[in-house]
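The structure under discussion appears below in the form of structure tokens.
Values reported hereafter were calculated over all heavy atoms of this structure, with side chains retained and with hydrogens, waters and symmetry mates removed.
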Amino acid sequence: MADTVREIERKYDIDDDAQLPDLAGIDRVATVVEAGVEDLDALYYDTAGHHLAAEGITLRRRTGGRDAGWHLKLPVAPGVRDEVRAPLSDTPPGELTALVRSRVLDREPAPVVRLRTTRTVRVLKDAAGVPLAEVAVDAVRAQRAGESASKVEVPAGPVEARWREIEVELTGDGDAALLDEVGRALVAAGARPASAQSKLARALAETGQERDRPAPGGAGPGGRRAKGSGKRGGKGKGAGKGKGAGKGKGGTAGDVVLRYVREQVRAIIELDPAVRRDLPDSVHQMRVATRRLRSAFRSYTKVLDRAATQPIGLELKWLAAELGVDRDREVLTARLRKALAGVPRTLLLGPVDARLRIWSERRRAGSRKEVLAVLDGPRYLSLLKSLHALLEEPPLRPAAGSPAPRVVSQAVLKDYRRLARRVEAALAAPAGRERDEALHGARKAAKRTRYAAEASRPALGRPAKKFARRIKRVQQLLGDHQDSVVAREALRELATQAHRAGEGGFTFGLLHGREEARAADRERELPGRWEKASRRKHRAAFRR
């Protein structure tokens, strides 16, 4: 089982004859303790195209030191990485390679660089002897992995490089202020902020293996989205041919839509390892990204060729549904627990809390396994390949070259008119199942309209942001209504299970009645909420 360690550090380049300054007295540092010298030998793995290095990710097999084993480092923020560790083995562990699948697809990581490091470690401690940070002075020797071992054809050039650097990593009670103070002392002594984001990046560059390969989705190193990542004009059919192409706020329609598409693809790729690691809210965020991307395909058919995006959209719908099994259970359980907490103790008849816990855990165990099976399956891999290919060759239509405001405005208004029809139909539907289904359809239309408006913001600015916010309020009301419908179905199931086990179902019936009343409240609120969101003045920015 892999362990994860949060790594917060700063790196500095130093000259061969540089000496570490006295760090005692900095911030809370009372003493600097020698912790010995370590000899580390690490073999770094990547694809032939260096897909991992392009995103600031490292996968290595290291011997020597206190943490020998396999290490996968995933960027979290500048200077912050999660190091996922696994025991030593001859080949990369599947539990680690699965975490980079969305980046490497079906390419097999192979050795690219070997780093042998002599590390001198000093521990910074406070007056009570509590460790605050470790300062490591590294003498590094980098060598290309042999071509026979890496199965990668490397360019001519240097095969070996040497340098010295300093790593300052927080431990225990250390904080970012300490890193700042130590950094200033090191720079004053002649150190320089590291020229490369990692040892691997520097080793690849200095052994002639660096490749100019942008990360998928227009992200910079470490998975950070590059500013202005939308591809101007693109390579697709008719791009840049419209009258006034590239002029006006936001550039072309292709600029604006592709920027949004890239953001969502990027989110899916980055959230993949988070979902596999079961990090909080990761399933929900990945599901949202799939829905936003699919919505963009459907809203902006004048910009993106539907013949190319529709098959991908269907696969995104499938993925969202698979992710929804776990997410829906999570949301529903939280809603039922909150409702149960609001019931007076005198009305809690029978083991209702235990019944809910058993019901939820059984669902969670099954849904978690299903999600992981999906992410490891061939259908999901095929979808990832399609997304990567979409960004490399965007299927742009002639309107993609037109000024963005006019094209995106038309798309948002089209979705708004669809939403208006569904809201009116829902308000006119008879109470009961027919109205519930109509309101659910209106909720989906509200979400699509909101996403279309969000995508249009680079072209239309603040008015689009405000419009999206108002539509979101309608969506949230409709969402609460739908959650009530689902909650009532679950409560009926729980009451039935309790009855079969000889337990009382009174409390579940009470909660069912409260959910009915809550849904009725949402239905009464809808006309007023919709009237505020649909005022003509709010749509003025989209009339061109």
task = Check each of R291, Q285, H284 against R287 using the side chain to side chain contact (heavy atoms under 4.5 Å, CB included) test, and report the only one that passes.
result = R291
request  = For side chain to side chain contact (heavy atoms under 4.5 Å, CB included), just list the numbers for K317 and E315, CA-CA rounded to whole Å, side-chain angles, deciding distance to a tenth of an Å, and then say yes or no.
outcome  = CA-CA 5 Å; K317 181 180 181 180; E315 292 303 284; over 6 Å; no
Test your reading of the model: is there a side-chain donor-acceptor pair from [X] to the backbone of [Y], 3.5 Å cut-off?
X    : Y    : answer
R107 : V104 : yes
D39  : G64  : no
S89  : T91  : yes
D13  : S195 : yes
T97  : G94  : yes

Quick test of your reading of the model: are [X] and [Y] salt-bridged, counting only N-O distances below 4.0 Å?
X    : Y    : value
D41  : R114 : yes
D82  : R6   : yes
K385 : D106 : yes
E83  : R81  : no
D353 : R357 : yes
R276 : D272 : yes
D67  : R85  : yes
K199 : E165 : yes
E160 : R162 : yes
R266 : E263 : no
D480 : R443 : no

ask   = Centroid-to-centroid, Y380 to W318, below 6.0 Å?
value = no
Heavy-atom side-chain proximity of [X] to [Y] below 4.5 angstrom:
X    : Y    : answer
D138 : W163 : no
R192 : D15  : yes
L383 : I268 : no
R61  : L88  : yes
I57  : L72  : yes
L204 : V113 : yes

query = How about R202 and Q197: does a side-chain donor come under 3.5 Å of a side-chain acceptor?
reply = no
key: Side-chain H-bond candidate by donor/acceptor type, R60 with H71, under 3.5 Å   = yes
message = Are there over 12 heavy-atom neighbours, none belonging to K472, within less than 6.0 Å of that residue's NZ?
response = no
key: Verdict with supporting geometry, D27 and R184, salt bridge (charged side-chain N to carboxylate O under 4.0 Å, His left out)   = CA-CA 11 Å; D27 199 14; R184 282 191 281 271; over 6 Å; no
Closest approach of [X] to [Y] (non-hydrogen atoms, all atoms of both residues):
X    : Y    : result
A487 : L336 : CB-CD2, 4.2 Å
L391 : R262 : O-NH2, 3.4 Å
A142 : T207 : O-CG2, 4.2 Å
R103 : P273 : NH1-CG, 3.7 Å
P75  : G56  : CD-O, 3.8 Å
H388 : S102 : NE2-O, 3.2 Å

task = Take R292 and Q264, measure what side-chain hydrogen bond (donor to acceptor under 3.5 Å, both in side chains) needs, and give me the verdict at the end.
result = CA-CA 7 Å; R292 281 182 166 142; Q264 308 320 314; 4.6 Å; no
Just verifying a value: how many Å separate [X] [atom1] and [Y] [atom2], rounded to the nearest 0.5 Å?
X    : Y    : atom1 : atom2 : result
L43  : L115 : CG    : CG    : 9.0 Å
T290 : I312 : OG1   : CD1   : 13.5 Å
T333 : L340 : OG1   : CG    : 12.0 Å

request  = For side chain to side chain contact (heavy atoms under 4.5 Å, CB included), just list the numbers for Y44 and T58, CA-CA rounded to whole Å, side-chain angles, deciding distance to a tenth of an Å, and then say yes or no.
outcome  = CA-CA 7 Å; Y44 284 75; T58 60; 4.1 Å; yes
query = Can you tell which of K125, R66, R10 makes a salt bridge (charged side-chain N to carboxylate O under 4.0 Å, His left out) with E134?
reply = R66
message = Determine whether E493 and W359 satisfy the following criterion, side-chain hydrogen bond (donor to acceptor under 3.5 Å, both in side chains), listing intermediate values before the conclusion.
response = CA-CA 10 Å; E493 179 183 342; W359 175 85; 3.2 Å; yes
